[in-house]
Amino acid sequence: MARRFRQHDLRRHWSLGGTWDFAFLGDVDCDNVQLNSIVYDDRMAVPGCFDATPRYAGQRGLAAYRTSVLLTDAAPHRLVFDNVQNWCRVFVNAARLAQHSGGFTQFAVDIPPGTTGRAELVVLVDNRLDTQRSPLHMDYFDWYHYGGIAGAVELHRLGERWIDRLTVSTEDFKQRRVHLAIDYRATSSPGDTDLSVTCDGRIVHEQEVHLDDDAGRIEVKLTLEGAKLWSPASPNLHMLHVRLGDDDIRERIGIRQVAVKGRDILLNGEPLQLRGFCRHNLHPLFGDAIPDQVLVSDVQQLKDMNCNFVRGSHYPQDLRFLDLCDEVGLCVWNEATGWQNTAEHLTSENYIAAQMLNIDEMVAMSVNRPSVILWGVLNEFESHDPKAKPACEKFLNRLRELDPTRPVTYATFRLLDDVCYELADVISLNRYPGWYEREIEDIPEELAKVPSHLDSVGQGHKPIIISEIGGGAIFGCRDWYKTRWSEDYQARLLEVVIDSLFGPKSQLDGRVCGLSIWQFCDVRSTHSAGSAMFRPRCYNNKGVVDEYRRPKLAYDLVKRLFAELA
Ligand code: ADA
C-alpha cells in the first residue's frame, strides 16, 4: 500500500500502516463518546474498509481505531491521512486535534510541538451517510460508500522549517522548462538557509534563501537540459529532490503540457485521441482500500486493452493508481466527488463548502501527476437548471485558479437542455443509446446528434468527449438471443459504439476526441429498492470485467478495436 517512490530522504517519517485496535460503536453520537470507555474488542487493517469485512458488511455507524506513535522529540509532528471514508475526528493522547469530512482526499493533522514519547492515536471514523456532515456522500449514488481508514497513514517529524507543499508545472515542454513553487513553513524566525534541487541525482539549482516569515513561497524556474518528455506513448519520468535546510521532498515529474486548441486536446502540441474507460476504485473484498496488486492488475488490463485514457469516476483518485498511470502512460480525468447532485445541493452553503474542500484537496494531492490531464466536477448534476449554474462556475473557476495548466470539464447527460456548456473547456457527454433508450442499431444516429446539437448552441468549437456509454452484462451470461444483460449484447453494443465514433463509417467526422466506456469493472452499488431494480445483485454490472476483474466477452472486442485505433 505504498507510493511508487520515496517522498523524503532527510525528513524522518514513518508508515502507520498495519493492524490497529478497533471497535464498532454503532449508531452513536460522536460528541457523546468517552474515549477512555471504548472497549477495543476487535482489530482492523489500516489501510482498510471495515465494512468490506464480513463482520461489518452493510453496517453504518461510528467506529474507533487506535494505535500508538512514538514522538521522538518535542519538534512539531504531522499525521498525513491519504483517505478516510467518509468522516473522522482525530485525537492524540485524548486531545482532539482535528476532524475531516469527505473521503478520497489526502489531509494532514498537525501534532503541536512539545508532545514527546509514546502517544495514543485514536481516530473515530463514521461511514453513515449524513448529508449535513458529509454532503459529498449520498445514499442514492451509484456506488457503495465503504467506510474506514481506507488510505495510508504516515507520521512526519517536521523540523524548525519544512516544505509544506511542492508544486511542479511544465512552463515550456520544448525548452524543458519547469516551474517549482516551494511553499514552506517554520516554527521560529528561520532567517537564511540553503536551497538545492537535483534532477535524477544531478544538481540543477542551488541558492541561499532568506525565509522572512513563518510561512512563504519560493519560486524557481529550471531548464532541465536533456530531459525526456512525458506522453502516453513515452511516459518518461524524472525525479526532483528539493532540499530546504534540513528538510526535503522528492517528487517524480513528467515534462508535458496539455492545452485545448479548437476541437482538440493537445499534449505537447499533438492532438490526443483518448480511448479508455471510466473506472471506480473499488473491489468487493477491499472496498476502496485496494491493495497494490489489484491496482497493478487494473492498469495491466487497461493497457492490455490498448487504452491510453481512464476517467477516475466519480471522486479524486488514489495516488498509488496515479503513480502507476504516470509510469505506463495512461492519461487521467481526475474528478471531484459528485453524482447527479441537485440544484438544491448546489445552492446549499454546506454542500458548496464541502465541494470546494474536495476540489482543493484533490488538486493539492495530485497536481504533480503528469498522467492527470483533465479536471472534472459534478458528474451529471442538474446542469439544465439555471439555479445550479453559479456553483458549477465557482467550482470550475476554482480548479482554474488552483491549476491553470489543465483544462476543466463536467460530464452531463442533458445533451439538449444543458445550460452550463459555456463554463467548460471540454464538453463531455454521458450517453446510453442501446441501453436505457432505443436499440443498438440506433447508436450511430444518436451519437451523430451530439456535435450537431453543440453546433446549434454555439459550443461546437470545443473538444468533445463521450465520457460514458455502455451497457450491462452479468458475468458468465452467454445467450443465443443476445439480449440485454448478456455478455453478447454488451460486446455488440460496444463494437457499434467504437465503430460509430472512430470507425471508417463514422458519421462524426472526427468531432469526438475522446471516449471513456462505462465502465472498466463491475462495482457494488446502492441497496435502495428503487435502484436495486436496475442493478441486479445490487451491482452496477456495466464493467467489461466483473468485480473480481474476470474478463467478459467485450474485453477482447474492445482490445481489438482499440488496437486498430492506436
Ligand atoms: C450515469 C452515472 C454512472 C452510472 C451510469 C449507469 O451515467 O454517471 O455513475 O450510474 O449512469 O450505469 O447508469
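Every number for a ligand or one of its atoms is a count from 1 in the order of the listing.
Not one N or O of Q340 is nearer than 3.5 Å to an N or O of ligand 1, by distance alone. Considering both main-chain and side-chain atoms, H280 never comes within under 3.5 Å of ligand 1 through any nitrogen or oxygen pair.
A salt bridge does not link D522 to K542: none of the charged nitrogens lies less than 4.0 Å from a carboxylate oxygen.
Rounding to the nearest 0.5 Å places CZ of R256 at 11.0 Å from OG of S231.
With hydrogens and angles left out, the side-chain atoms of S531 and T526 include a donor and acceptor closer than 3.5 Å. Side-chain N/O atoms of D288 and N281 include no donor and acceptor closer than 3.5 Å. At a cut-off of 3.5 Å, with distance as the only test, no side-chain donor of N540 or S525 sits close to an acceptor on the other residue. Between the side chains of D418 and Y410, a donor-acceptor pair is found at a separation under 3.5 Å.
At a 4.0 Å heavy-atom cut-off, ligand 1 does not touch W143 at all. Only the side chain of R535 comes within contact range of ligand 1, with a heavy atom under 4.0 Å; no backbone atom does. The side chain of H314, and not its backbone, has at least one atom closer than 4.0 Å to an atom of ligand 1 (non-hydrogen atoms only; side chain from C-beta on).
Counting the atoms of ligand 1 from 1 in the order shown, those under 4.0 Å from a heavy atom of E468 are 1 (C), 2 (C), 3 (C), 5 (C), 7 (O), 8 (O), 11 (O). Residue N379 has at least one heavy-atom neighbour below 4.0 Å for each of these atoms of ligand 1: 2 (C), 8 (O). Ligand-side atoms of ligand 1 in range of N430: 7 (O), 8 (O), range being under 4.0 angstrom from any heavy atom.
The single protein non-hydrogen atom nearest to atom 5 (C) of ligand 1 is Y432 OH, 3.4 Å, given as residue, atom name and distance. Closest protein heavy atom to atom 10 (O) of ligand 1: D142 OD2, 2.6 Å.
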Would you list the atom pairs, donor with acceptor, under 3.5 Å between side chains in residues 492-503 and any protein atom, with sequence neighbours excluded?
residue	atom	partner	partner atom	Å
R492	NH1	E495	OE1	3.3
S500	OG	V496	O	2.6

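Residue nearest to atom 13 (O) of ligand 1, selected from W435, Y436, W518: Y436 (by heavy-atom distance).
Using a distance-only test at 3.5 Å, with no hydrogens or angles considered, no donor-acceptor pair links the side chain of D82 to the main chain of Q106.
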